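Just so it is clear: chains get the letters A, B, ... in the order the sequence lines come, proteins before strands, and each one is counted from 1. All values below come from the heavy atoms of this structure, side chains included, with hydrogens, waters and symmetry mates left out. Only a predicted model underlies this, so the values are computations on that prediction, with no experimental measurement involved.
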2 protein chains.
Amino acid sequence: MNATKTPSPPPERKRGLGARLVYDLLRDEILDLVLPPGSPIDEVQLAERFEMSRTPIREALVRLAGEGLIATLPNRSTMVANLDFLNMAPFFDALTLMYRVTGQLAARNRRPEDLEAIRARQAEFSAAVAAQDALAMIATNAAFHAAIAEAGRNPYFNSLFSRLLDEGRRFLRLYYQSFEDRLPQRFVDEHEAMIAAIEAGDAETAERLGKAHAEQIVVQIRKLVIGEQRLDIAL
Amino acid sequence: MNATKTPSPPPERKRGLGARLVYDLLRDEILDLVLPPGSPIDEVQLAERFEMSRTPIREALVRLAGEGLIATLPNRSTMVANLDFLNMAPFFDALTLMYRVTGQLAARNRRPEDLEAIRARQAEFSAAVAAQDALAMIATNAAFHAAIAEAGRNPYFNSLFSRLLDEGRRFLRLYYQSFEDRLPQRFVDEHEAMIAAIEAGDAETAERLGKAHAEQIVVQIRKLVIGEQRLDIAL
DNA sequence: AGCCGCAATCTTGTCGACAAATAATATGCA
DNA sequence: TGCATATTATTTGTCGACAAGATTGCGGCT
């Protein structure tokens, strides 16, 4: 007989990749709001879903908590971190500054292979815009700016910028409706201008374009959520 | 009989604090170079030392790895991250910018309780200088600037700045000899000037002082290790 | 003697189970 | 009926053990 379910032949998972697997997947689901802010995270449920023990799941959760993507109350439940709309001004301050800095550094330190990578991301972004795929637009836009940051070669700025871009993905996923029709092409054009400045090594222009690009996003979102005071550093 | 070691009555550790305990301690030991860069980290050894299972130790290590304080090769050994002297220019760029930004934001957003905290840290720093305690000087100096960042109330900048100050603690721990005699009092004075500007709400001065303070540190360390290009954002 | 391959050992990643802490439910009393 | 308390249940933190990879040491071969 043995009409019960088969003993599930070991899925032949490679050793040492379990945590990374669930980390990557959970991260994407959080950033794309498949898991909306406040969603409860159940370890055993994830363990069943990924067909592994709780240990690698917990490792992934610890890493996600370290990046501020999930919040964990000690001895109590853990859930997806919620983005608080009251503190959006600090977010925009940091995002704008990172746009400026990474643009400037990229113009100074870029190498041929960096430009290749940046152009590849821009192509993906452009394709997503053409396809009206909002989710892909958001993800590829973040990847584009991350590529610029990479060209700047400052790991400290890069890690902060990555975190900000992650948060931005969640924000945009909430509000992308307002971008649907008119903004995308403008973004594509601004991206092209940034690439040109970076390729020319024009640090000042790259910084200015980065700032303007950030302002575009900020004013767009601020129409929906109110932030008050803005950082104005050495304007 | 029973001349062997007693069965070690359970050390009555509280639940859920195991990981935090070893995390805090390991972190301090890494930042104070008690564990120098490159030191191998042995899980079982730590498990014996803290008298707990490997599970909470691994959780602490994952968190430390997330902050870049330890490097872990998959399926191979894990060791204390080494600070590379080739990439010190990016570090100084980021540090200088964060000094400026946090100073400016603190001048804008400070509250009475923030000034209390800042002054308390400054007092500790001053005491460490008077006592010629290099290790305490380094730690309290970092705490002073972290307090300023707190007053700025931008969690994104704060997390990056904390990471930079951590790295700085390790650098300074390596080179503090050059600071022994002449620099400390200057730092104390500059700190006082920064406090005054922050209390007065003078954002521009606070930023300028922060930049100057950072430059002091940079030129001092650059006498020892060579970095070349510097970020010059909207001077 | 030097190099290659095999065996033994060590370290890490994963697992299942247990225990503590909290949340949920039921029970007793006013 | 409503509230306080006790009991159950769920969930997290911890543990000891096992197995896969990797490292080291040994032995054999050219």
- Task: Starting from the 5' end of DNA chain C, give me the residue, A:Met52 or B:Glu43, whose nearest nucleotide shows up first.
- Result: B:Glu43

In whole angstroms, how far is the [atom2] atom of [N] from the [atom1] atom of [X]?
{"X": "A:Arg20", "N": "C:dT14", "atom1": "CZ", "atom2": "P", "value": "11 Å"}
{"X": "B:Glu48", "N": "D:dC15", "atom1": "CD", "atom2": "P", "value": "13 Å"}
{"X": "A:Glu59", "N": "D:dG13", "atom1": "CD", "atom2": "P", "value": "15 Å"}
{"X": "A:Glu51", "N": "C:dG16", "atom1": "CD", "atom2": "P", "value": "12 Å"}
{"X": "B:Arg58", "N": "D:dC15", "atom1": "CZ", "atom2": "P", "value": "15 Å"}
{"X": "B:Gln45", "N": "C:dC10", "atom1": "CD", "atom2": "P", "value": "14 Å"}
{"X": "B:Lys14", "N": "D:dT14", "atom1": "NZ", "atom2": "C1'", "value": "17 Å"}

- Taking atom types as modelled, find out whether B:Ser159 and A:Arg163 have a side-chain donor-acceptor pair closer than 3.5 angstrom. yes

- Please determine, for the side chain of A:Ser53, which listed nucleotide (D:dC15, C:dC15, C:dT12) has the closest atom?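 Nearest nucleotide to the side chain: C:dC15.
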
- Note on the structure: Out of C:dG13, C:dT11, C:dC15, minimum distance to the side chain of B:Arg54 belongs to C:dG13

- Message: Tell me if a side-chain donor or acceptor on B:Asn82 pairs with a main-chain N or O of B:Asp84 at a distance below 3.5 Å.
- Response: no

- Does B:Ala151 offer a backbone N or O that forms a donor-acceptor pair with the side chain of B:Asn109 under 3.5 Å?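 No; judged by distance alone, with no hydrogens or angles, the pair does not exist.
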
- Message: Does B:Gln45, at its CD atom, have more than 12 non-hydrogen atoms belonging to other residues, nucleotides or ligands within less than 6.0 Å?
- Response: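 No.
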
- Message: Please classify the nucleic acid contact of A:Leu61 as base, sugar-phosphate, or nothing, using heavy-atom distances under 4.0 Å.
- Response: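 Touches nothing.
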
- Task: Could you check whether B:Ile57 gets within reach of a base, just the sugar-phosphate, or nothing at all, counting any heavy atom under 4.0 Å?
- Result: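 Counting heavy atoms under 4.0 Å across all strands, no contact is made by B:Ile57.
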
- Matching residue for B:His145 among B:Arg121, B:His213, B:Glu150 - test: side-chain hydrogen bond (donor to acceptor under 3.5 Å, both in side chains): B:His213

- Message: By nearest heavy atom, map A:Thr55 and A:Arg15 onto DNA chain D; which one lands nearer the 5' end?
- Response: A:Thr55

- Item | Aromatic ring proximity, centroids under 6.0 angstrom, B:Phe125 and B:Phe187 |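 No.
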
- Testing A:Arg173, A:Arg169, A:Arg49, A:Arg170 for salt bridge (Lys or Arg N to Asp or Glu O under 4.0 Å) with A:Glu29, which one passes? A:Arg49

- Query: Taking DNA chain D as the partner, which of residues 66-80 of chain B come within under 4.0 angstrom of it by heavy atom?
  - Reply: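 Going residue by residue through residues 66-80 of chain B, the ones with a heavy atom under 4.0 Å of DNA chain D turn out to be B:Asn75, B:Arg76.
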
